[in-house]
Protein chains: 2
Amino acid sequence: MEKNLTLYEKVREDILSGKFGENEKMTEIKLAKKYEVSRTPIREVLKQLEFEYLVKDGYIYKPSPEDYRNLFEMRTLIETHAIEKAILLFGPSDINDLKNSIEKAYAGPEDETLAANKYFHDKLISSIRNPFLSETYERMNSIIYLFSRTVVERQRPNLIEEHAQIVGAIEERDVEKGKRLIGEHLDKDLEFSLYYM
Amino acid sequence: MEKNLTLYEKVREDILSGKFGENEKMTEIKLAKKYEVSRTPIREVLKQLEFEYLVKDGYIYKPSPEDYRNLFEMRTLIETHAIEKAILLFGPSDINDLKNSIEKAYAGPEDETLAANKYFHDKLISSIRNPFLSETYERMNSIIYLFSRTVVERQRPNLIEEHAQIVGAIEERDVEKGKRLIGEHLDKDLEFSLYYM
DNA sequence: TTTAATTAAAATGTATACATTTATTAACCA
DNA sequence: TGGTTAATAAATGTATACATTTTAATTAAA
């Protein structure tokens with residue numbers, strides 16, 4: 001199975017796997033040589049990476065704890081909104097999808113747990129049915145991935161149980177409870193990861 | 001007073017003032033000729049205009065009413081969040097800024113009313129003190145401008161009075177009232193403008 | 001006629017040379 | 001030696017040629 005990654009995917013993977021130093025300068029010329037393309041496509045890629053908070057002002061972006069808290073404030077705002085919508089819109093089939101992702105997260109090895117947890121949050125976001133809000137959320141995917149990896153690898157307590165509780169609130173159609181739970185859940189992810197990162 | 005606009009500002013102004021047809025194709029070559037630059041800077045500008053919902057897939061973006069409702073859902077989510085923060089954080093000086101903008105909006109000619117109304121909403125957003133949420137809001141500035149122009153030119157009833165009521169809710173520190181009022185305010189702007197646009 | 005295939009044209013993708021700006025180093029002087 | 005300026009180098013900005021892809025037009029076949 002040959003991986004045929006786009007230039008963007010290659011650079012993104014290299015950043016997420018830590019192949020660049022924190023705050024390393026991302027000059028077009030250097031990257032063009034490294035990936036054996038011209039500056040033109042590198043520029044496009046850098047724009048995309050800036051969009052998703054991996055690069056800033058020509059450097060690898062190392063957000064401060066304050067930056068991460070602000071990003072999570074935006075994330076929480078959107079996911080909290082999503083819970084409201086999910087309680088209005090989700091039927092048994094959708095709720096079953098959420099439950100299945102919880103089962104998979106319990107059972108699987110780390111990378112499957114990671115994928116299952118991502119599915120859980122993405123499924124919630126899908127309830128919004130708003131491409132602009134979805135894009136704003138997806139823009140944080142790389143950052144969210146880094147946090148998710150940390151909480152799974154470091155085995156944050158109650159991680160998956162909290163997902164189950166959130167599904168419970170959706171089943172009960174308890175908006176206030178759902179909003180509170182998702183807020184607490186994300187806040188724990190944030191503070192737990194900040195401690196280790 | 002010579003205006004010295006950047007290429008981006010020129011193209012943006014031309015779009016906002018309707019110099020391009022709805023759904024007009026924005027080819028790099030055509031724009032390069034029109035603005036007498038090469039394709040390279042045009043590409044940068046098109047990226048930026050796509051970012052702020054003025055261009056999509058190489059065409060002038062004409063959002064559907066559904067698109068506008070979705071954009072306003074995102075806007076409302078952020079401004080509602082801002083009201084909560086404003087009620088926590090705003091002191092007499094901030095509240096006075098809001099009141100002044102209301103006075104200016106009443107007194108001035110159309111373009112000053114427009115500027116004062118923009119100031120009102122931007123001041124609210126500033127209460128969030130979150131650069132990521134601010135950027136997401138600012139990304140909608142062009143769209144917000146088009147709506148604001150419509151409601152001012154077409155003299156939507158109660159427009160400025162609603163601003164005053166919102167300030168009232170902030171002074172009373174009534175979160176629920178504030179959130180309800182900003183939601184209703186934005187919804188009226190949306191539906192009023194959709195009727196005319 | 002419609003539909004499909006072929007060809008032509010137009011647009012975008014990429015590489016690269018040159019211009020301009022920004023950052024770094026070196027030289028100079030108080 | 002510290003601080004300013006000049007010289008150099010490095011990076012980004014811009015224009016442009018060529019490659020590739022996409023779109024449109026034309027022609028051929030059903």
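First the proteins, then the strands, lettered A, B, ... as listed; each starts at 1.
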* List the protein contact pattern of nucleotides 18-25 of chain C with one symbol per nucleotide (5' to 3'): B for base contact, S for sugar-phosphate-only contact, - for none; contact means a heavy-atom distance under 4.0 Å. => --------
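- With rounding to whole Å, L46(A) atom CG is found 13 Å from dA11(D) atom C1'.
- Across all strands shown, T27(A) has heavy atoms under 4.0 Å from sugar-phosphate atoms exclusively, and none from any base.
- Residues that satisfy the ring-ring contact (aromatic ring centres under 6.0 Å, His included) test with F120(A), not counting sequence neighbours, are H163(A).
- One can place CD1 of I29(A) at 15 Å from P of dA9(D), the figure rounded to the nearest angstrom.
- When the side-chain nitrogen and oxygen atoms of S38(A) are compared with OP1 and OP2 of dT14(C), none of them lie within a distance under 4.0 Å.
- Taking atom CD on E28(B) and atom C1' on dT14(D), their separation rounds to 14 Å, with Å as the unit.
- Taking the six-membered ring wherever Trp is involved, the centroid distance between the rings of Y196(B) and F192(B) falls below 6.0 Å.
- For H81(B) and H81(A), the distance between ring centers is not under 6.0 angstrom.
- The side chain of V37(B) lies closest to dA15(D), out of dA15(D), dT16(C), dG13(C).
- Distances shown here put every side-chain N or O of R43(A) at or beyond 4.0 Å from the OP1 or OP2 atom of dT14(C).
- A salt bridge does not link R156(A) with E191(A): every distance from a Lys NZ or Arg NE/NH1/NH2 to an Asp or Glu carboxylate oxygen is 4.0 Å or more.
- Rounding to whole angstrom units, OH of residue Y59(B) and P of dT22(D) are separated by 14 Å.
- K99(B) pairs by the salt bridge (charged side-chain N to carboxylate O under 4.0 Å, His left out) definition with E171(B), not counting sequence neighbours.
- Distance from the side chain of K25(A) is smallest to dT12(D) among dT14(D), dA11(C), dT12(D).
- Distance NZ (K47(B)) to C1' (dG13(D)): 16 Å, rounded to an integer number of Å.
- The shortest distance between side-chain heavy atoms of K10(B) and Y35(B) falls below 4.5 Å.
- One can place CG of L7(A) at 12 Å from C1' of dG13(C), the figure rounded to the nearest angstrom.
- Distance CG (L31(A)) to C1' (dA11(D)): 12 Å, rounded to an integer number of Å.
- K33(A) has its NZ atom 15 Å from the P atom of dA15(C), to the nearest Å.
- A cation-pi geometry, defined here as NZ or CZ lying under 6.0 Å from the six-membered ring centre and within 45° of its normal, holds between K34(B) and F20(B).
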